[in-house]
Colleague: 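I have a structure here, written as structure tokens, and I will follow up with some questions on it.
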Number of protein chains: 2
Amino acid sequence: MSTLPPTLGPSFRRAEPDARRLSLIEACARVLAKAGAAGASVRAIAQEAGVSPGLIGHYFGGVDALVTETYAHVDAQVSAALDAAVAAAGGDPCARLEAFVTASFAPPIGTRALLATWIAFWSLVTARGDIARQHDEQYAGYRARLEALLADCGVAADALRLAAISTTALVDGLWLELCLSPGCFTVAEAGAMARRHLDGVISPDRAPG
Amino acid sequence: MSTLPPTLGPSFRRAEPDARRLSLIEACARVLAKAGAAGASVRAIAQEAGVSPGLIGHYFGGVDALVTETYAHVDAQVSAALDAAVAAAGGDPCARLEAFVTASFAPPIGTRALLATWIAFWSLVTARGDIARQHDEQYAGYRARLEALLADCGVAADALRLAAISTTALVDGLWLELCLSPGCFTVAEAGAMARRHLDGVISPDRAPG
DNA sequence: TTGCTTGTTGAACGATCGTACAACAGCTGG
DNA sequence: CCAGCTGTTGTACGATCGTTCAACAAGCAA
């Protein structure tokens, strides 16, 4: 069943190194989303990509390096989606900030598959120092971009840091619950809650009473 | 090295079934925290508990059932810690709400080990339906308790649901980042951000301008 | 067409996984 | 002190894991 027709045509096709690497990375992401970190075996990834298990060792030297590169690739995809959302929002600073924040609730970010992939990476943070470092760098970059957008909306410099942290926390928490239990609340409600939070962060503090 | 002194004393001790089960569950939680879901093998858990691998099959029938019961046990511990924080806060409704929310940032909840354990459970949600169901039930219960505390603080009934969801999301996000990157912000700052969010949720909406 | 380069295969290896089970030994009632 | 009960052990088994590597064949140059 593995090699049915040895005479009916080419039993495999050669591919350009970059294309093959990308197809393996994408297959790894799909397996991580489908079966979690525990199910991301060399054989499962190779089968998902439609190639032989040995090819992963040939291109990445091992499954750990493939997972690491998949992490970087998925992170780059998320960053690109956020950038695209900001660019599509026009020139108004507050609209750009809103777009950046609410983009996490819509595809391709607000997806069960992406959450499963991300959880798989989180589950590796404990055991692998390189993954932990990769995560720290990515989150610092995410907060820095958010700080810049908040500053453009008039948030004071001394409040920027905590404003970015709390906003990130709220968005991540909403994203997490939205993906884990899609029936609990809607994407629109998530956006409304995030905007309400942004209102409180951007506007100057009101006096009590 | 495994059985050094067969004549110097008892090579093992018998334990009451409940005590042995509990020690295995606690060992499983430690292994999950230390090595993630992928490292929670029967042998690793048995070694952590100081018993033979076969004993896990004897008490739980398999490693899956042990992980499931460990999930329930850790969840019960978190609930108990939250209840204790609320009880210690006295009778003032707002103080009880604050205690419930900020308890997630201090031990035994706000701990790297507990986060690692929780991530291990999340990583099983995709592959195992029983774990997913367990998670849904637990989160619904968490939000229900939070809704009750919010109602005691005067939050309108029609705003309760989203108030509980957004508060849960913020707390979970802060808890997640606080455990993943402890150096990014402090427990006190997390509490301050959560209290600020609660102020916005409890107080009536202010008019713009 | 022929030969070469090399991307690709698939089997083989040792390690580790979860599970099963017969033998052992700590405890307790006699 | 002795026998029985049973909690506990540790090995054995098949499956699957990551990795390695000799052989194969697709595609290109001549």
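Below, chains carry the letters A, B, ... as their sequence lines are ordered, and counting in each starts from 1.
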Colleague: Donor-acceptor pair, A/Thr186 side chain versus A/Glu189 backbone, under 3.5 Å?
Modeller: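 At least one qualifying donor-acceptor pair exists.
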Colleague: Hey, could you give me each pair passing ring-ring contact (aromatic ring centres under 6.0 Å, His included) that has a residue in residues 33-72 of chain A? Not counting sequence neighbours.
Modeller: A/Tyr71-A/Trp118, A/Tyr71-A/Phe121
Colleague: Rounded to whole Å, how long is the line connecting atom CZ of A/Phe60 with atom P of C/dT8?
Modeller: 12 Å
Colleague: If you compare every side-chain N and O of B/Arg14 against the phosphate oxygens of C/dT28 (OP1, OP2), does one of them come in below 4.0 Å?
Modeller: no
Colleague: Protein-nucleotides 14-18 of chain D N/O pairs closer than 3.5 Å?
Modeller:
residue: D/dC17; atom: OP1; partner: A/Ser41; partner atom: OG; Å: 3.4
residue: D/dG18; atom: OP2; partner: A/Val42; partner atom: N; Å: 2.7
residue: D/dG18; atom: N7; partner: A/Arg43; partner atom: NH1; Å: 2.8
residue: D/dG18; atom: O6; partner: A/Arg43; partner atom: NH2; Å: 2.8

Colleague: Return yes if some donor-acceptor pair links the side-chain N/O of A/Ser41 with the main-chain N/O of A/Ala44 below 3.5 Å, else return no.
Modeller: yes
Colleague: Would you find a donor on one side and an acceptor on the other, under 3.5 Å apart, between the side chain of B/Ser123 and the backbone of B/Ala120?
Modeller: yes
Colleague: Could you check whether A/Asp172 and A/Tyr139, counting side-chain N and O atoms only, form a donor-acceptor pair closer than 3.5 Å?
Modeller: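 Indeed, the side chains of A/Tyr139 and A/Asp172 share at least one donor-acceptor pair under 3.5 Å.
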Colleague: Under 3.5 Å, is there a donor-acceptor pair linking the side chains of A/Arg196 and B/Ser166?
Modeller: no
Colleague: Looking across every strand, which nucleic acid part, if any, lies under 4.0 Å from B/Gly54 by heavy atom: base, sugar-phosphate, or nothing?
Modeller: base
Colleague: Rounded to whole Å, how long is the line connecting atom CD1 of A/Ile56 with atom P of C/dT8?
Modeller: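 So the two atoms are 13 Å apart, to the nearest Å.
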Colleague: Within the pair A/Tyr59 and C/dG7, is there a side-chain N or O less than 4.0 Å away from OP1 or OP2?
Modeller: no
Colleague: Nearest whole Å is fine: how far is D/dG10 P from B/Gln47 CD?
Modeller: 12 Å
Colleague: Calculate the interatomic distance between B/His58 atom NE2 and D/dC5 atom C1'; express it in whole Å.
Modeller: 12 Å
Colleague: How many Å lie between CG on A/Leu24 and C1' on C/dG7, as a whole number?
Modeller: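 The answer, rounded to whole Å, is 12 Å.
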Colleague: Among C/dT8, C/dG10, D/dG7, find the nucleotide with the atom closest to the side chain of B/Phe12.
Modeller: D/dG7
Colleague: If you assign each of A/Leu55 and B/Arg20 to its closest nucleotide in DNA chain D, which residue comes earlier from the 5' end?
Modeller: B/Arg20
Colleague: Please report the distance, rounded to the nearest Å, between CD in A/Glu16 and P in C/dT8.
Modeller: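 Roughly 11 Å, once rounded to whole Å.
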Colleague: Checking side-chain contact (heavy atoms from CB on, under 4.5 Å) for the pair A/Leu22/A/His73: CA distance, chi angles, key distance, verdict?
Modeller: CA-CA 9 Å; A/Leu22 183 62; A/His73 181 254; 3.6 Å; yes
